[in-house]
Amino acid sequence: MRTRSGRSRALKLSAALAAIALAATACGGDDDDTTGGADTTTGDDGQAAGECPTEGLSGSLEAVGVWSGAEQTNFELVLGGFTEATGVDVSFTSTGDDINAFLGPRVEGGQPPNVAVLPQPALMQSLAADGSLIALGDEASSQVAANFADVWSDLGSVDGTLYGVWFKAANKSTVWYNTSLFSDAGVEPPSDFAGWVEIAGTLQQFGIAPISVGGADGWTLTDWFENVYLNVAGPDAYDQLVAHEIPWTDASVTSAFETLNQLFEPEGFVAQGNAGALQVAFPDSVTQVFGASPVAAMVYEGDFVAGVISDQTDAAVGEDALFFPFPTIDGSPPSVVGGGDVAVGFTDDEATQALLCYLATAEAAEIWAAEGGFASPNQNVDTSLYPDEVSRQLAEQLTSAEVFRFDLSDSVPSEFGGTVGQGLFKLFQDYLADPASFADIQQQMEDAAAAAYA
């Protein structure tokens, strides 16, 4: 595995930025070159990024986010690159998982941090709605336009105003498979959903359950549905379902359940049976595939599966464990459901705007990319800096996806989409227990949604 010293990378960045005024974004002088060296970055729309300010800045800044451990360390390397280039010191405070509980008293007391990195768009929308956030300035907006697909600008905007820079992303459209079991059964990764069902049948006949499902955690089941629904119904319908502009009894939802049933309903397709899967926690669903005595050939979940494989099994990611993108359905475009972390500003001063601008550059993302455990939605990041082939593939799937949508259960009211034992988490578990009952489940989902959106 090839890694670089974050400190060394920051110093190299500083020297480069001193010469070209930071984010003249030295990441490709034309659309085909992303290896660095030019003084502007040009996005898919042909718009060149402006320069991020580096001179005449002073003082210190505070950034906060949920990251701790290695993630905090790596983000502090990124902030160090900003300090090297501008002289502005940035301290980072880890808020713990409940960043809203941390921010609430600070904002209400008139002492917010300069920048916060938020894990959910709904929190950004709430803070923007109550006037707590500053809009991105011209330089930061220019960087976003040049470096990110339009969907990320949309996700960073509230009522047409751009507030956020999506710095880190999670790819939740990956299916991980045991390469030895695939080889022994004579199957290869499928090109579409119909092919996926076909190889599942082959694996079941070979004597191994095709899929392991962590049904004890309702969020894994919402992720399954979200990927199927996005491919079956398309992004517009997905947005309408998130906003509850169409009901959960809609024909498009029915179609998604019927599609999902092709994998969840056949006997022997789900490891330990559907009832048994409801007792399997997410980490165990991974070890069922990659442990010493595997009972299934595949597990669907996000890019973070790689970490569980490395931490809890002897399987080698990139050799024993590979992934393929969540298959398209009936000719749907390549689509990704994901999550991410968006940087927003609270104080309207030059240094805060400069930091937000910097976080939108390829150089900032490349510092963490070289350290691993990271994927950037920035299209101009030099992907050769990722430390291994799997990391590169995961990041490239994010930036090349024709359709990206944020995790649905994280985008709806929490009592409906994100609470253990109720709402979607509980109802998808009821569905897994009896896939044939999906029509009744749909009505219960609609009833729960109507109450949550009232």
Participant: Show the nearest heavy-atom pair for residues V232 and S252, with the distance to one decimal.
Facilitator: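 Heavy-atom minimum between the residues: CG1-O, 4.3 Å.
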Participant: Does the side chain of W248 come within less than 4.5 Å of F416's, by heavy atoms?
Facilitator: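 Yes. Closest side-chain heavy atoms under 4.5 Å.
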Participant: Is there a donor-acceptor contact under 3.5 Å from the side chain of D192 to the main chain of P327?
Facilitator: no
Participant: Side chain to side chain donor-acceptor pair (under 3.5 Å) with Y238: which residues, sequence neighbours excluded?
Facilitator: none
Participant: Please give me the minimum heavy-atom distance between L79 and F92, naming the atom from each residue.
Facilitator: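 Looks like CD1-CB, 4.0 Å.
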Participant: Using every non-hydrogen atom in the two residues, find where G156 and L162 come nearest and quote the distance to one decimal.
Facilitator: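 That would be O-CD1, 3.6 Å.
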Participant: Among all residues two or more places apart in sequence or in another chain, which pass the salt bridge (charged side-chain N to carboxylate O under 4.0 Å, His left out) test with D239?
Facilitator: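 Testing D239 for salt bridge (charged side-chain N to carboxylate O under 4.0 Å, His left out), a comparison that skips the adjacent residues, returns R405.
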Participant: Taking the side chain as every heavy atom from C-beta outward, state whether S376 and F167 have any pair of such atoms under 4.5 Å apart.
Facilitator: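 With C-beta onward as the side chain, the pair stays apart.
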Participant: Using the test side-chain contact (heavy atoms from CB on, under 4.5 Å), find all partners of A369 that sit at least two apart in sequence or belong to another chain.
Facilitator: F374, Y386
Participant: Quick one: are E62 and T93 in side-chain contact, heavy atoms under 4.5 Å?
Facilitator: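 Yes, their side chains come closer than 4.5 Å.
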Participant: Applying side chain to side chain donor-acceptor pair (under 3.5 Å), can you list everything that pairs with Q393, at least two apart in sequence or on another chain?
Facilitator: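 Listed in chain order: E389.
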Participant: Only counting residues at least two apart or in another chain, list the ones meeting salt bridge (charged side-chain N to carboxylate O under 4.0 Å, His left out) with E396.
Facilitator: none
Participant: State, to 0.1 Å, how close I99 and V117 come at their nearest heavy-atom pair, and which atoms those are.
Facilitator: CD1-O, 3.5 Å
Participant: So do M298 and F182 actually touch side chain to side chain, heavy atoms under 4.5 Å?
Facilitator: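 Touching, per the 4.5 Å side-chain cut-off.
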Participant: Is a side-chain donor-acceptor pair under 3.5 Å present for S391 with D388?
Facilitator: yes
Participant: Does any part of the side chain of W67, heavy atoms only, come nearer than 4.5 Å to the side chain of T73, both counted from C-beta?
Facilitator: no
Participant: Are Q443 and D447 close enough that a side-chain donor and a side-chain acceptor fall under 3.5 Å?
Facilitator: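 Side-chain D/A pair, Q443 to D447: present.
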Participant: Taking the six-membered ring for Trp, is the centroid-to-centroid distance between F148 and W166 below 6.0 Å?
Facilitator: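 Between W166 and F148, which both carry aromatic rings, the centre distance is not below 6.0 Å.
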Participant: What pairs with E71 under salt bridge (charged side-chain N to carboxylate O under 4.0 Å, His left out), at least two apart in sequence or on another chain?
Facilitator: K168
Participant: Does the gap between the ring centers of F428 and W219 come in under 6.0 Å?
Facilitator: no
Participant: Contact between Y300 and N227 at the side-chain level, heavy atoms closer than 4.5 Å - yes or no?
Facilitator: yes
Participant: Testing T222, D223, L230 for side-chain contact (heavy atoms from CB on, under 4.5 Å) with V337, which one passes?
Facilitator: L230
Participant: So do I367 and E371 actually touch side chain to side chain, heavy atoms under 4.5 Å?
Facilitator: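 With C-beta onward as the side chain, the pair stays apart.
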Participant: Might you point out which heavy atoms bring Q429 and A216 nearest each other, and give the distance in Å?
Facilitator: NE2-O, 3.2 Å
Participant: How far apart are the closest heavy atoms of F102 and T95, and which atoms are they?
Facilitator: CD2-CG2, 3.5 Å
Participant: Would you check if F264 and F269 make a side-chain contact, meaning some heavy-atom pair closer than 4.5 Å?
Facilitator: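 Contact flag for F264/F269 side chains = no.
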